[in-house]
Undergrad: 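This is the structure I want to talk about, given as structure tokens.
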Amino acid sequence: MSKTLTTRNEDYAQWYNDLILKSGLADYSAVRGCMVIKPHGYALWENMRDVLDKMFKDTGHQNAYFPLFVPKSLFEAEEKNAEGFAKECAVVTHYRLKTDPNNKGKLIVDPEAKLEEELVVRPTSEAIIWNTYKGWIQSYRDLPLLINQWANVVRWEMRTRLFLRTAEFLWQEGHTAHATKEEAIIETKKMLDVYATFAEEYMAMPVIKGVKTANERFAGAEDTYCIEALMQDGKALQAGTSHFLGQNFAKAFDVKFMDKANKQEYVWATSWGVSTRLIGALVMAHSDDSGLILPPKLAPIQVVIIPIYKGDDTRSLINDKCANIIQQMQAKGIRVKLDADDSTRSGWKFAEYELKGVPVRIALGARDIENNKAEVARRDTKEKTSLPLDNLCEQIIDLLADIQTNIYNRALQFRDEHITPANTMDELIAILDGKAGFVSAHWDGTSETEEKIKELTKATIRCIPINNVEEAGTCILTGKPSIQRVLFARAY
RNA sequence: CGGGAAGUAGCGCAGGCCGGUAGCGCACUUGGUUUGGGACCAAGGGGUCGCAGGUUCGAAUCCUGUCUUCCCGACCA
């Protein structure tokens, strides 16, 4: 099987597509804009999901599930939100098919079965959730209400890209209700921190926490916070968002509570989400021309053991040793796989597991056993070393931790080297066209200026970093006064 | 929604201009030899050439329509 990838230098976009397909993360499907997540990709998502789910529960949230369909009248209740999503909604108009009288064996939509009210396939669930919350919240004693749901959503995108932008995707959406504005803002920021922690500690992907400008804000939110990551081609990627929704949805859906002073008040809301897009981010943050590089904490397989047979006489000796190592590793909770398949040779396996991003590979042959050693290769640097078998398990645990740290540091260094200040439009354009990455520049704070810069450069303001240093300056485009630099980048 | 490209075996492609009973590589099956960086030998199996019409004695090939997918733009997590 020829599974060579297009290199990143040749064509970054093609490299990404090749990698996703050939590493077995996902596949195209017969449905326009929709992909199939294959077992390797889904296992990765399950690991991400499990970690996040625990983090949500540790911060007091509970899971629930709301319907896929939203009646149009509910959907349009919060106007800004509805308008924001209107152009990309799939809509169910009928509930039945029938056989085509003019074309045997074919089906047509039954015109008799038109729905009285169209159903919108959720692009996000605020509407149905807030409609439900109305019935759940009467008193301040019912607050805060901290709910998360794991679900699929549909956004009818014109152009799709595996994991980064597909018509249907998997995500989680948290929806919380609070008695006070302050508490809702704290929740918004807390969940942003959860995302940042997850990205950095588990995905080994450094992120910048920030606030979106009005242009980039979630429709219906007062403030949108985000984590922005930088990909190896110098493009930014929004990896997660957390919204302070104010009382917009409470007012639209009439969700009030009685406070301690016996007064009716609207509740304060947040919502926050991350999606399977994180898989795309993970791929582009670390991987190389040989394949995926997965962080050990999330890798579906952390260690693969490949026996090297030579003749039949040492076969059972090697098998016994492998079984022994696997037993020890499993006892320590390492996700380990033995590949003793006789129909492919070791060289093929080496390449295959590199493609799949398995962090550590152990090759074990008669020669190693004789020397009481194993050949250990780490995926991130491709270094091979010979380690003693005696306390192999402990050494591998250390190695996995080292790989996790190393790929984070590597990505961090790349990210930090790609935050460049610019003081003129020419500088901004030169950086974007050259080294790319984030560009830190002064902006006068208006949407018009942001739009204009986007037109001129195709770069958007990714965010205003949280705890940004105040620095007096003049806007890069208009020369008007500015109090701080913001981060521009071309983005996914 | 605009521009481009492509649909022939599971995957990647050739054949098409010049119509004549469908081919290559990889994968797959069986047997054997192998195994420290994508093994080799031998023998096999698999396709109504995206779909629908049309031209023709005859269509993968020519014509018309249609569907789908990918890439580039505008929109988005």
Side-chain angles (χ1 to χ4, degrees), chain A residues 1-6 11 13-14 16-18 21-22 27-35 84-89 103 106 123-124 153-173 195 212 215-219 224 226-229 236-243 271-281 290-291 306-312 314-315 318 339-355 361-371 373-377 382 384 386 454-455 458 460 462 491-492:
Chain A
M1 200 193 301
S2 94
K3 275 197 171 177
T4 45
L5 301 170
T6 306
D11 184 343
Q14 191 60 46
Y16 176 81
N17 279 335
D18 281 4
L21 296 172
K22 290 182 176 170
D27 213 342
Y28 292 113
S29 75
V31 190
R32 179 190 216 107
C34 295
M35 67 174 185
F85 284 107
K87 283 179 296 184
E88 45 190 304
C89 286
N103 200 347
K106 302 288 184 188
T124 180
V153 287
V154 170
R155 297 182 185 175
W156 212 265
E157 300 289 350
M158 283 309 157
R159 231 189 106 201
T160 60
R161 195 130 190 247
L162 293 168
F163 286 115
L164 299 178
R165 212 186 299 99
T166 48
E168 180 191 15
F169 57 92
L170 306 183
W171 79 345
Q172 60 67 217
E173 45 182 326
Y195 290 153
K212 287 290 188 188
N215 280 359
E216 301 280 321
R217 190 147 63 209
F218 176 70
T224 288
C226 62
I227 52 171
E228 289 285 326
L237 185 139
Q238 178 174 309
T241 50
S242 185
H243 313 290
S271 71
W272 27 274
V274 293
S275 71
T276 38
R277 180 177 235 212
L278 286 178
I279 294 176
S290 304
I306 297 170
I308 311 287
Y309 301 122
K310 229 176 217 164
D312 276 341
T314 53
R315 191 173 278 252
I318 295 169
D339 188 346
D341 185 351
D342 230 8
S343 62
T344 54
R345 305 177 94 217
S346 50
W348 191 90
K349 292 175 188 173
F350 293 172
E352 185 66 12
Y353 291 105
E354 278 168 12
L355 188 58
R361 180 185 73 230
I362 298 174
L364 197 69
R367 203 170 70 202
D368 300 301
I369 293 176
E370 211 172 289
N371 299 326
K373 296 207 159 172
E375 182 193 86
V376 176
K382 288 185 154 182
K384 284 194 266 200
S386 200
K454 186 180 174 185
E455 258 178 65
K458 290 180 183 167
T460 49
R462 299 319 302 159
Y492 278 99

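Hydrogens, waters and symmetry mates play no part in the numbers below; they use all other heavy atoms, side chains included. Note on naming: letters A, B, ... go to the chains in the order of the sequence lines (proteins, then strands), and numbering restarts at 1 for each one.
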Undergrad: Nearest to the side chain of Tyr28(A), which nucleotide is it out of C71(B), A39(B), A77(B)?
TA: C71(B)

Undergrad: How long is the line joining CG of Leu5(A) and P of G38(B), in whole Å?
TA: 17 Å

Undergrad: Report yes if some heavy atom in the side chain of Asn17(A) is under 4.5 Å from a heavy atom in the side chain of Leu162(A); otherwise report no.
TA: yes

Undergrad: Using the C1' atom in both, what is the distance from A6(B) to G44(B), to the nearest Å?
TA: 32 Å

Undergrad: Hey, does Gln172(A) have a side-chain heavy atom less than 4.5 Å from the side chain of Val274(A)?
TA: yes

Undergrad: Starting from P on G36(B), measure out to NZ on Lys310(A) and report it in whole angstrom.
TA: 7 Å

Undergrad: Rounded off to whole Å, could you give me the CG-to-C1' distance for the Asp342(A) and G36(B) pair?
TA: 15 Å

Undergrad: Under 4.0 Å between any heavy atoms, over every strand shown, what does Gln238(A) touch: base, sugar-phosphate, or nothing? Just pick one.
TA: sugar-phosphate

Undergrad: Indicate yes or no: at least one non-hydrogen side-chain atom of Lys212(A) is less than 4.5 angstrom from one of Arg462(A).
TA: yes

Undergrad: Taking the side chain of Ala363(A) as its heavy atoms from C-beta onward, which of G36(B), A77(B), A74(B) lies nearest to it?
TA: G36(B)

Undergrad: Is there a donor and acceptor pair, one atom on the side chain of Arg155(A) and one on the base of C76(B), closer than 3.5 Å?
TA: no

Undergrad: Taking the same atom, C1', in U56(B) and in G38(B), what whole-Å distance lies between them?
TA: 49 Å

Undergrad: Give one of base, sugar-phosphate or nothing for Glu375(A), where a contact means two heavy atoms less than 4.0 Å apart.
TA: base

Undergrad: Across the strands shown, which category fits Ala366(A) at heavy-atom distances under 4.0 angstrom: base, sugar-phosphate, nothing?
TA: base

Undergrad: Considering every strand shown, what is the Watson-Crick or G-U wobble mate of G36(B) when both distances are under 3.5 Å?
TA: none

Undergrad: Using the C1' atoms only, state how far A60(B) lies from A52(B), rounded to an integer number of Å.
TA: 16 Å

Undergrad: Think Arg165(A) forms a cation-pi with Tyr492(A), using NZ or CZ under 6.0 Å from the six-ring centre and within 45 degrees of its axis?
TA: no

Undergrad: Given that Lys454(A) and Ser290(A) both sit by RNA chain B, which one's nearest nucleotide is further toward the 5' end?
TA: Ser290(A)

Undergrad: On a whole-Å scale, what distance lies between the P atoms belonging to C49(B) and G20(B)?
TA: 15 Å

Undergrad: Within a strict 4.5 Å, meaning less than it, do heavy atoms of the Asp342(A) and Arg315(A) side chains meet?
TA: yes

Undergrad: Would you mind pulling out the nucleotide paired to A77(B), Watson-Crick or G-U wobble, both distances under 3.5 Å?
TA: none

Undergrad: Taking salt bridge (Lys or Arg N to Asp or Glu O under 4.0 Å) as the definition, give me every residue that meets it alongside Glu375(A), ordered by chain and number, with sequence neighbours left out.
TA: none

Undergrad: I'd like the P distance from U64(B) over to U55(B), given in whole Å.
TA: 15 Å

Undergrad: Return the value, rounded to whole Å, for the distance between atom CH2 of Trp171(A) and atom P of C76(B).
TA: 16 Å

Undergrad: In terms of side-chain heavy atoms of Arg367(A), which of G36(B), A77(B), C75(B) is nearest?
TA: G36(B)

Undergrad: Does Ser346(A) reach the main-chain N or O of Ile308(A) with its side chain, forming a donor-acceptor pair under 3.5 Å?
TA: no

Undergrad: When rounded to the nearest Å, what value does the distance between C1' atoms of A74(B) and G15(B) take?
TA: 39 Å

Undergrad: Show your reasoning for whether salt bridge (Lys or Arg N to Asp or Glu O under 4.0 Å) applies to Glu352(A) and Arg361(A).
TA: CA-CA 11 Å; Glu352(A) 185 66 12; Arg361(A) 180 185 73 230; over 6 Å; no

Undergrad: Using a cutoff of under 3.5 Å, can you pull out all pairs of nitrogen or oxygen atoms linking the protein to nucleotides 7-14 of chain B, with atom names and distances?
TA:
none

Undergrad: Could you say whether Asn17(A) or Phe85(A) is positioned toward the 5' end of RNA chain B, judged by the nucleotide with the nearest heavy atom to each?
TA: Asn17(A)

Undergrad: Could you tell me whether Phe218(A) contacts a base, only the sugar-phosphate backbone, or nothing, with contacts defined as non-hydrogen atoms closer than 4.0 Å?
TA: nothing

Undergrad: Measure from CD on Glu352(A) to C1' on A27(B) and round the result to the nearest Å.
TA: 13 Å

Undergrad: Partner lookup for G16(B), please. Criteria are Watson-Crick or G-U wobble with both distances under 3.5 angstrom; report none if nothing qualifies.
TA: none

Undergrad: Check every atom of U35(B), G38(B), G37(B) against the side chain of Trp348(A) and return the nucleotide holding the closest atom.
TA: G38(B)

Undergrad: Evaluate the side-chain proximity of Thr124(A) to Glu173(A): yes if any heavy-atom separation is below 4.5 Å, no if none is.
TA: yes

Undergrad: What integer distance in Å separates Arg315(A):CZ from G36(B):P?
TA: 13 Å

Undergrad: Select base, sugar-phosphate, or nothing to describe what Arg161(A) touches, counting heavy atoms under 4.0 Å on all strands.
TA: nothing

Undergrad: Which part of the nucleic acid, if any, lies within contact of Ser343(A), taking any heavy atom under 4.0 Å across all strands shown: a base, the sugar-phosphate backbone alone, or nothing?
TA: nothing

Undergrad: Counting only side-chain heavy atoms from C-beta out, which of A74(B), A77(B), C72(B) sits nearest to Ala13(A)?
TA: C72(B)

Undergrad: Please give the nucleotide sitting opposite U29(B) as a Watson-Crick or G-U wobble pair, both distances under 3.5 Å, or none.
TA: A43(B)

Undergrad: What does Leu164(A) touch in the nucleic acid at a heavy-atom separation under 4.0 angstrom: a base, only the sugar-phosphate, or nothing?
TA: base

Undergrad: Name the nucleic acid region contacted by Lys212(A), choosing base, sugar-phosphate or nothing; use a 4.0 angstrom heavy-atom cut-off, strictly under.
TA: nothing

Undergrad: When you compare U34(B) with G45(B), how far apart are their C1' atoms, in angstrom units rounded to a whole number?
TA: 25 Å

Undergrad: Rounded to whole Å, how long is the line connecting atom NZ of Lys349(A) with atom P of A39(B)?
TA: 11 Å

Undergrad: Who does U48(B) pair with, Watson-Crick or G-U, both distances under 3.5 Å?
TA: none

Undergrad: Which whole number of Å gives the distance between the C1' atom of G37(B) and that of C51(B)?
TA: 46 Å

Undergrad: Only pairs with both distances under 3.5 Å count, Watson-Crick or wobble alike; so what is the partner of U69(B) in this structure?
TA: A5(B)

Undergrad: Any idea which of U35(B), A74(B), C72(B) is nearest the Arg345(A) side chain?
TA: U35(B)

Undergrad: Pick base, sugar-phosphate or nothing for Ser346(A), based on heavy-atom distances below 4.0 Å to the nucleic acid.
TA: sugar-phosphate

Undergrad: Atom NZ of Lys458(A) and atom P of C76(B): how far apart are they, to the nearest Å?
TA: 15 Å

Undergrad: Could you tell me how the ring of Trp272(A) sits relative to the ring of Tyr195(A): parallel (under 30°), tilted (30 to 60°) or perpendicular (over 60°)?
TA: perpendicular

Undergrad: Which residues pass the side chain to side chain donor-acceptor pair (under 3.5 Å) test with Asp18(A), sequence neighbours left out?
TA: Thr6(A), Gln14(A)

